[in-house]
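Read through the structure below, which is laid out as structure tokens, and then see the notes.
All values below were derived from every heavy atom in this structure, side-chain atoms included, with hydrogens, water molecules and symmetry-related copies excluded.
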Amino acid sequence: MGKYFPDIPEIKFEGSKSLNPLAFKFYDPDRVVLGKTMREQLKFSMAWWHTLCATGTDMFGVGTSDKSFGAEEGTMEHARAKVDAGFEFMEKLGLDYFCAHDVDLAPEDEDINVTNRRLDEITDYIKEKMDSSNKKMLWGTANLFSNPRYLNGAGSSNSADVYAFAAAQIKTALDFTVKLGGTGYVFWGGREGYETLLNTDMKFEQDNIARLMHMAVDYGRKIGFKGDFYIEPKPKEPMKHQYDFDAATSIEFLRRYGLEKDFKLNIEANHATLAGHTFQHDLRVAADAGMLGSVDANQGDYLLGWDTDEFPWDVYEATFAMYEILRAGGFKTGGLNFDAKNRRPSYAHKDMFMSFILGMDTFALGLIKAASLLRDGRIGEFVNQRYASYKDGIGKSIVEGSATLESLSNYAGELAKPDLPGSGQEEYLMSVINQIMFTNDDKLA
Ligand code: XUL
Ligand code: CO
């Protein structure tokens, strides 16, 4: 039954009537939804940091969950035990992908040369395990925010030496991402922002971040990285102001610095809500720009104002998210990475499995219901009809570019007073959503 989670069986789909806490109720990996299996549509991924490293430490107390996996923390033996535990975990849940920062994989030494050798060693070991399983790397990244040297950021640091160390970490992280066949490389701007403008040259810092990203693209392409680079927007936390505030701000940054061909976005639900948007909003902004790359699947808390990284249980949110992802043509290089952790009181290893079951079932339902919404077509058709006035006449002249302020002013003068633009019927549309949510009559294939 495996060495690290001996009491946990392989998690299987048992259907919505199952009372087994260690079974999927909705995630049926081989079920076909809109031409692809659920497994292919959803591309679930395990975040190394939460699953194998995070112990539940918070600002007020130490960890509650044991992630030693039988080895002394901070040793290479522990790093290898995490690999073994991680592969057993992914195997039992049927997760095909994982994501990792450099520091999640091997302990950092004071000397970066030692750290790099450790990363070489551990990624050789991971590669061996990958060769004898079907596990894949979704994306890699470098942690440029935990080490004290990054207290003022990495690419945005006032210190050129610190900047060079950030570059060195990115180089190594790109090396192992390519070695492990990762299809994405993430820049989450951990501390790329500022606390006060009294000590900050904002434009200089942003120019420098862009320089670092260009160097990453140049190096990545040189060593054969064919995947997508991603920016993962977040408005605040840990910094008061972060430069990658939300999808719109990040897209503007990428275009301003000529990075838009190599970069897409990795949209995280809890980051979008921290920015005062819905998850769906930021997904739509990214998709409209052709930059919806990958998703960090999690959920915030309505009562707490920070990045709680909860496993998603809100099926409405998951449905709206999957609706955007399907409309955008589904995942290519990206997938659904559970950047989520179980609550501090849920400290048992069994809770980790039940958390993933919750998250995977939530997104399976989201996929089923989003596909039903698309097939039902009422929402799409309503939106289409709402803009019908642009299909001919004066509207057509606006869209085709022949209208001028004078022509529109003459038109308005003749009309004297327009009709109201038509009811938005939000309440009706939500009743359509509810009808879809609570029917079992989903026709998906
Ligand atoms: C932090 C966060 C990160 C990134 C990767 O809020 O989401 O874990 O996903 O650095
Ligand atoms: Co994230």
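Taking the six-membered ring for Trp, F5 and F353 have ring centres closer than 6.0 Å. Centroid-to-centroid, the aromatic rings of F145 and Y150 stay 6.0 Å apart or farther. Aromatic rings of W48 and F98 (six-membered ring for Trp) have centroids within the 6.0 Å cut-off, being under it. Here the two rings, on F356 and F338, have centers that are under 6.0 Å apart. The aromatic ring centres of Y243 and F253 sit 6.0 Å or more apart. Ring-centre distance between H214 and Y219: not below the 6.0 Å cut-off.
Across every non-hydrogen atom of G153 and V162, the tightest pair is O-CG1, 3.9 Å. Closest approach of R31 to D442, counting heavy atoms only: NH2-O, 4.4 Å. The shortest non-hydrogen separation linking H50 to D339 is NE2-OD1, 2.8 Å.
Residues K82 and D104 are not paired through a salt bridge, judged by the lack of any N-O separation under 4.0 Å between the basic side chain and the carboxylate. In this structure, E121 pairs ionically with R80, as a charged nitrogen and a carboxylate oxygen lie closer than 4.0 Å. Salt-bridge check for D175 with K171: passed, with a basic side-chain N closer than 4.0 Å to an acidic carboxylate O. Taking the charged nitrogens against the carboxylate oxygens, R378 and E381 have no contact shorter than 4.0 Å, which rules out a salt bridge. We find that D262 and R221 are joined by a salt bridge, their nearest charged nitrogen and carboxylate oxygen being less than 4.0 Å apart. Taking a cutoff of 4.0 Å between a charged side-chain nitrogen and a carboxylate oxygen, K129 and D84 qualify as a salt bridge. Of the charged side-chain nitrogens involved, none lies within less than 4.0 Å of a carboxylate oxygen, so that D7 and K350 do not count as a salt-bridged pair. Contact check on D228 versus K264 returns a salt bridge, with a Lys/Arg side-chain nitrogen under 4.0 Å from an Asp/Glu carboxylate oxygen.
Between P233 and the choices N266, I267, L274, the side-chain contact (heavy atoms from CB on, under 4.5 Å) rule is met once, by I267. Residue F44 forms a ring-ring contact (aromatic ring centres under 6.0 Å, His included) with just one option from F363, Y97, Y27, and that option is Y27. The only option from E192, R211, R256 that meets the side-chain hydrogen bond (donor to acceptor under 3.5 Å, both in side chains) definition with Q206 turns out to be R256. Residue V315 is tested with D361, I368, L365 for a side-chain contact (heavy atoms from CB on, under 4.5 Å); the sole match is L365.
Checking side-chain atoms of K43 against main-chain N and O of K332 turns up a donor-acceptor pair under 3.5 Å. The main-chain N or O of V33 is found under 3.5 Å from a side-chain atom of Q41 such that the two form a donor-acceptor pair. Of the possible donor and acceptor atoms, one in the side chain of N270 sits under 3.5 Å from a partner among the backbone N and O of T308.
If you check the side chains of E252 and T249, you find no donor sitting under 3.5 Å from an acceptor. With 3.5 Å as the limit, one finds a donor-acceptor pair spanning the side chains of N337 and S45. Of the N and O atoms on the side chains of D66 and S68, at least one donor lies less than 3.5 Å from an acceptor on the other residue. In summary, the side chains of Q299 and D314 do not present any donor paired with an acceptor at a separation below 3.5 Å, with no hydrogens or angles considered. For the residue pair D102 / Q169, a side-chain donor-acceptor distance below 3.5 Å is found, with atom types taken as modelled.
Here the side chains of L138 and S294 are in contact, with some heavy-atom distance below 4.5 Å. F331 has its side chain within reach of V295: a pair of non-hydrogen atoms, C-beta onward, lies under 4.5 Å apart.
The aromatic rings of F187 and F263 sit tilted, their planes meeting at an angle between 30° and 60°. The aromatic rings of F229 and F225 lie perpendicular to each other, with more than 60° between the two planes, well past the 30° mark.
Interatomic distance, E108 CD to N143 CG, rounded to the nearest 0.5 Å: 7.0 Å. Once rounded to the nearest 0.5 Å, the distance linking NZ of K135 with CD of E91 reads 4.5 Å.
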Checklist entry - What do the steps show when you test F69 against H349 for ring-ring contact (aromatic ring centres under 6.0 Å, His included), and what is the final call? => result CA-CA 10 Å; F69 301 114; H349 284 173; 5.5 Å; yes

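By the 6.0 Å contact criterion, NZ on K391 is enclosed, its count of non-hydrogen atoms from other residues, nucleotides or ligands being greater than 12.
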